[in-house]
Amino acid sequence: MPPIRFLHAAGLDPDAVLPRLPASRRALFDAAPQTAIERLVAQAIELDVDFLLVSPAVAQDGSAEEPGFRSAIAIRREFARLSPHAIPAFLAVGNSNSAWNRLVDRDSTLTVISSGETVSITDRDGRSLASLRCLGSPSEAEWTTSKLRHESEPELAVAPHLAVEQLKSVQKSKYRYLGCGSGPRRSMPISAGLAHSPAAVQALSHTDCGPHGATLVTIEDGGEVQTEFVPIASIRYESIAIRTKSGEPLEDLAIRMAERLSEQRSETGEQAWDVRWAIEAVGESFETLIDPAQRVMLSGLLPDSVADVPVVHRVTVTPHPLWPALDQPFAAEFAAALVEQEAALSDPSRRPALLGVAAETTHRARFERLLAAADVTAAVNQARRLGIRVVTAANERHDG
Amino acid sequence: MHITDLHIDRFGIWRDLTLPLSGPGLNVLYGPNEAGKSTLMRFVKAILYGGVPPRADSGPLVDQQSIAGGALRLVHDGMPYTIRRQLTASGGGRVQVIGPTDAPLPADKLDELLCKTSETIFDRVFAVDLFELQELATLDHAELAGHVYGLSLDGRGRRLLSAVDSLRARRQAMLSEDGRSGRLCQLLNHEQTLLAEVRSLADLPSAHADLLRQRDKIAGEVADLKQRRNALHDEVRGRRFLDRVYPTWKQVRDYQAELAQYGAVTDLPADGVDQLAALEQESESLTARCDAKKRQSEESKRRADACGADPEIVKTELAVRAMLGLRSWVEETSKARQNAADAKTKSNLTAQKARSALNSDPDNGTLVGVDASPAAQLALTAAARTYRLALGRRSELRKKYRRLHQANTKREALVEQRLERIGVSPDVAAADLRRRLSSLESLAALRAKEAALDQRGSGLRNRLERLVDSLEIPPWVSFVLAVFALGGAFFAVLGFITGFTIGVIAGAAYLLLGLTCGIIAVRMRTHYDVALTETVSRIRDERQAEEVELRKIREEIARLEGATGPAPAAKPPVRENANVIPLASAGRTTAPASVADALRDAVKEFASLDEIVDDQDRIRRRRKQLSQMRARLVKVQQDAETARQEWCRTLTRVGLAESLDIDAALAQWQKLAEVAAARDPVGSAEHEFEILDRTLRSFGAQLEAMGRRIKVWSGDANRPLDVLDLWERELDAALRKSAERGKHVEEAERARQDMRDAEERLKDLSRQRTALLAAAGVTSKADYERRLAACEQKRSLRELLDLAESELATLAVSEPELAIVEDDLRAFRADENAQSLGRLSRELEMLEATLEATCEKRGNIARRIDELEADDRSLTVRRRKSKLNATLQKMTERYLALSLAEQAAEQARAAYERDRQPPVLAAASESLARLTRNRYVRIWAPLGERSLRVDDDHGRTFTVEQLSGGTREQLFLALRLGLVRRAAEQGVSLPLILDDVFVNFDQLRTEAAFETLSEFADEGHQVLFFTCHLHLAHLAEHRGIDPIWLPGHQPPMQQRLAG
């Protein structure tokens, strides 16, 4: 059995819009998803892989989101670059392939595979390398059943809709490599090999921090699976939480933040970082940082780049969970209520009922989805900030 | 203030009525319907605040000026007052306040008595009938509402309320309660619009795909057309090529046929005739030249013979010249021989001096045997250094070995001495010592235990002594008791004697007292004696037990002391009386110290034994080390012997006698080397002189031999230079003569050679002519000229053929893709070819037109594809949708945050409400709980609202409207009670007048209400409770309250009894 070497990427979403920042970086941020595709194809050519395996973006409802018209054209153009190098590409789209199928040109080496389909992968000389199966959901029966043509071939599978965390029930899968198209970058050993999610080639927000790219997968002669990170993303998101003491000068805080930032290591090809600072502040520091002008000043004190990569800083302020002091009037009640509410809201399905969304609301279904996808922690932090204003205002001495 | 009685001059149906009240407390006034209860309540209000009196039922008013009037007697601050008022029909009237001294007081005294309570407040709180009770609005008066609803919120409450309202408003601004308006709703509507736009653009991909398909199809058509066009072009080109090639090809074929007619005619040079003429002319001139050269050769030979033969010296010219060439060598050799002779003389002198410098005069053989070369010096120095090092190592090791051996021997002697002192082996001694140490440790522990027991025994003894001392009753007590007894006896006797009764009695009393005290003292002593005896007995038992233990310990100590040697301290004396614990002796206190000394000594001995053992180990190790050193010493000794042998060998090798004195040997070698160095120049100078002299003599002999051979010898062989000069002169003369003869011989030879060259040239010219004629196949010049004309014509034809073939090749090169096919050219017909060309041109024109149309169509499609691909509406819409989605997420989180904050603030507000309820509501809550028998436990007012909430015992909250009528009346009654209590706390003490307010209460709650009122009255409030229900009057009676039966409405006795 010959060794196999291929590039696995996920989260191809050329239509995505990254949160914009200063005008000077806008073009970079707008082009980042498209740049990721270009780089992915370039890496496949440079690494001279046996094939390229791609899972496109997965929408919140679990389906593969179809690319926009312009993006589809761009994808087709980029994948056409693989043809002269005879590198086949497999686009695992799961249950939705109508739009993706349009990407396949007459001379393209691109193959779109849907749930339940199995394709044979050959090398440039036409020899069979492996069989690749596209899986829909963990409940499918083929998890442990080999339906491949040659039993000696390594069995590869891709599940574009699933994350590694969802594979706990299928650890006995017989596949040598089980690629996931959803979730963060993670690996999990399975009985015959490895399950791996490379995460999106380009992060789209601060919920997806750290370096992003593809994974170079090597299956050795003996069946051993090795993975190697291949940086792709041009924009990197980082979210760093830091705690400040009451009355700490902004300069000292900036120095500590710079030290925290210097602990991060940039990857090849990164052109900008978008760093969100979640500063947990208390007392005087909170009062200072809640002022936008002070936050701008703090951002100005932070380093403009990390290892020659420009950095854009976003500073958000989170009040300390135990501030204001619970012995202040109303504060304890407020904090207790928030804790109770946060716990109750942890179940997304209960949120509409807890918030009393009217049954006859025009956009009830959409609003419920929005509520289910909402970041409760961020909302609670906002609520805490509001609560601080309420508590502070209520406890102020009445001048009148 | 409370009313003590009412006096009605005239009011409503009442005339001259005096109604005494019971003051503070519950006053139940019974009267059936229309008995005048409400009139009485209105009378009280009218006296206090004035107003229009009711019409009398008995007829029209008589006196318009004074239609009603009466007085209220009351007590305020403990002082009696009377308020009298005359009422007029118009509502006016005169009021008079009479003080405790029956003197009228100023009118404003009434305000003071009413505590400045307004009539409205009095009407709504203090004087309430059923109608007013049922109306919540009666509590909406500003002053009352402040008490009931807490409207006088502090700043904190107001700000909290404001914050909650603000949060709610902001949340509703994002999404209204019904979900139909708000910013979020607008965004969601906008999203729907965008989705519609996205759907409207859904046709773009399919249109694009169609165009792509069309483009591919047309591209195929274009490719086919182009292929067809190319094929036609190729055909046309081929036919045109044939058309161009055919004439040239035909010309070539014609030339080739004509050339074939000339057959095997060979080509002749064009200048062949001229060549033949030139050959003949040159032959004639060469014949004449041969004759001239023959004559010249004969003349020169004749002149050479006239010069004669060469002498012998010329024949051996080379050898003679070689000898002459050695002239400079002979000169230098002669000089060198002279120098060698001088050096020989000088070296002999120096050697003489060096030899004289040596002490002993070595013979020549010794000097010759000494090797004074640098290599010998190096070897000798190295051998000396090696030998010295080996000797040094051997000496050092020997010293070290001796030193260690001596030290070890000394240590062994010391150990032997210490072992002799011990007498046994160290192991045995150590075991004994360990046993001894163990015994001493046990002994020390026993000593400590003994001392502790001694100390405890001492303590028990002291305690026993104190107990024994405490048994004794102080003497003064006995003395006092005796005085009492004796005094008593004395007075008793004196009484009997004097008959003085008091004295007897007193004496008896003293006697009795004395006896009593004595008995008590005796009994107490007996009692304590028993207890003390028990204690003493117990202590003595303990002492005995300890004594036994102490004895055992001492026996053990004695045993151990016997085992470990003499006792370190004297044994304590043992008393015979076992009940007495012996005191610790002074000697015993030193015992532990002695044991410690013994322990210390034992430890020292143990350490000494350890040292011996260590020394033995050290000696063993040292012996082993010495053994190893001996082995090393042997090896070093061998090394030294080897070095010595090598040294001796080196001495022998350099020519010295063997010696172990390194320095002396080196010094001797140095001197001999110097002598040898001085002798060397003498030998070499002699040797050189001999060689040079022998060489010169040999050269002279060779000169002589050669001189005799060439017949030029007349000198001395010992003077070679003179001989060489003579030979040089003779050789020069002979050579000059020989040169002249050689010149003539050379001229003759040159002439003969020229003659031979001319003859050879003549032969060559003859062969060339013959070859020229043979090549043309003729034998004469005329035939040759004829044959040459035919060749010229054939050459001309060949040139024409070459030209045609070149032209054909050029044509072939111009169309590299086409080949010249002989068969096609043979079958070529010009007219047919022209017809085919015309047909093909027409077909091509049609094909070009079709292709142009198809390309135009393809261009249109490509343009439409470009337009579609340039259409960025889908991207714009998707980006707007994505941005909107992000905004929606943020807004949703904001909404969530606002909701959370609002709910949390609501909870804070609820807590604030709970903590900040008005005192009136707190008091009312208590009353309501009693009125409803704890069914409803709490009344509260939402912060900032003029409404009430009631919590039941299950924590449920109800609004006033949600309560039943009876419960609502109980709520309002509770509120009044609370208000009155609050007023009383603020110093406003007015009677509470209730007019049949229990009408809608059920039995249980009626009783509860009555109890509540009763308790309320017991707090010091005056309550005037009017009722038309007899059972309530009986209930009051049953509870010990005498109802006031309004005149004419005395109830039947039976009913009263029954109640």
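All chains are named by letter (A, B, ...) in the order of the sequence lines, taking the proteins before the strands, and each is independently numbered beginning at 1. Just so it is clear, the structure is predicted and the values come from calculations on it, not from any experiment.
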Checklist line | Top contributor to chain A contacts, counting heavy-atom pairs under 4.5 Å, from B:Asn189, B:Leu898, B:Leu184 | finding: B:Asn189

Item checked: Under 4.5 Å from a heavy atom of chain A, the part of B:Glu906 involved -> neither

Notebook entry, point to check: Relative to chain A, which of B:Glu869, B:Lys890, B:Met891, B:Glu902 shows the most heavy atom pairs under 4.5 Å?
Noted result: B:Glu869

Check: What are the two closest heavy atoms between A:Ala383 and B:Ala897, and how far apart are they?
Finding: CB-O, 3.4 Å

Check: CD of B:Gln227: more than 12 outside heavy atoms within 6.0 angstrom?
Finding: no

Notebook entry, point to check: Side chains of A:Arg76 and B:Leu212: does their closest heavy-atom pair fall under 4.5 Å?
Noted result: yes

Item checked: Side-chain touch B:Gln903/A:Leu355, heavy atoms, less than 4.5 angstrom -> yes

Check: chain A heavy atoms under 4.5 Å from B:Ala905: which part of the residue, side chain, backbone, both or neither?
Finding: both

Note to self: Can you tell me which of B:Leu868, B:Val877, B:Leu201 forms the most heavy-atom pairs within a distance under 4.5 Å of chain A?
What the structure shows: B:Leu868

Notebook entry, point to check: In Å, rounded to the nearest 0.5 Å, how long is the span from NE2 of A:His363 to CD of B:Glu191?
Noted result: 8.5 Å

Item checked: B:Glu893 to A:Ala374 - nearest heavy-atom pair and separation -> CG-CB, 4.1 Å

Checklist line | Engaged part of B:Arg894 at the chain A interface, taking heavy atoms whose separation is under 4.5 Å | finding: both

Check: If you count the non-hydrogen atoms of other residues, nucleotides and ligands that lie under 6.0 Å from CD in B:Glu852, is the total more than 12?
Finding: no

Notebook entry, point to check: What is the distance from atom CZ of A:Phe367 to atom CG of B:Leu888, rounded to the nearest 0.5 Å?
Noted result: 9.5 Å

Item checked: Residue among B:Leu188, B:Leu175, B:Leu896 with most heavy-atom pairs under 4.5 Å to chain A -> B:Leu188

Next item on the list: Name all residues meeting the side-chain contact (heavy atoms from CB on, under 4.5 Å) criterion together with B:Glu856; count only those two or more places apart in sequence or in a different chain, and write none if there are none.
Entry: B:Asn860

Note to self: Quick check on the structure: residues of residues 338-346 of chain A within a heavy-atom distance below 4.5 Å of chain B, by number.
What the structure shows: A:Leu338, A:Glu340, A:Gln341, A:Leu345

Check: In terms of heavy-atom proximity below 4.5 Å to chain A, should B:Asp871 be classed as side chain, backbone, both, or neither?
Finding: backbone

Checklist line | From CG (A:Asp375) to OG1 (B:Thr892), nearest 0.5 Å | finding: 12.0 Å

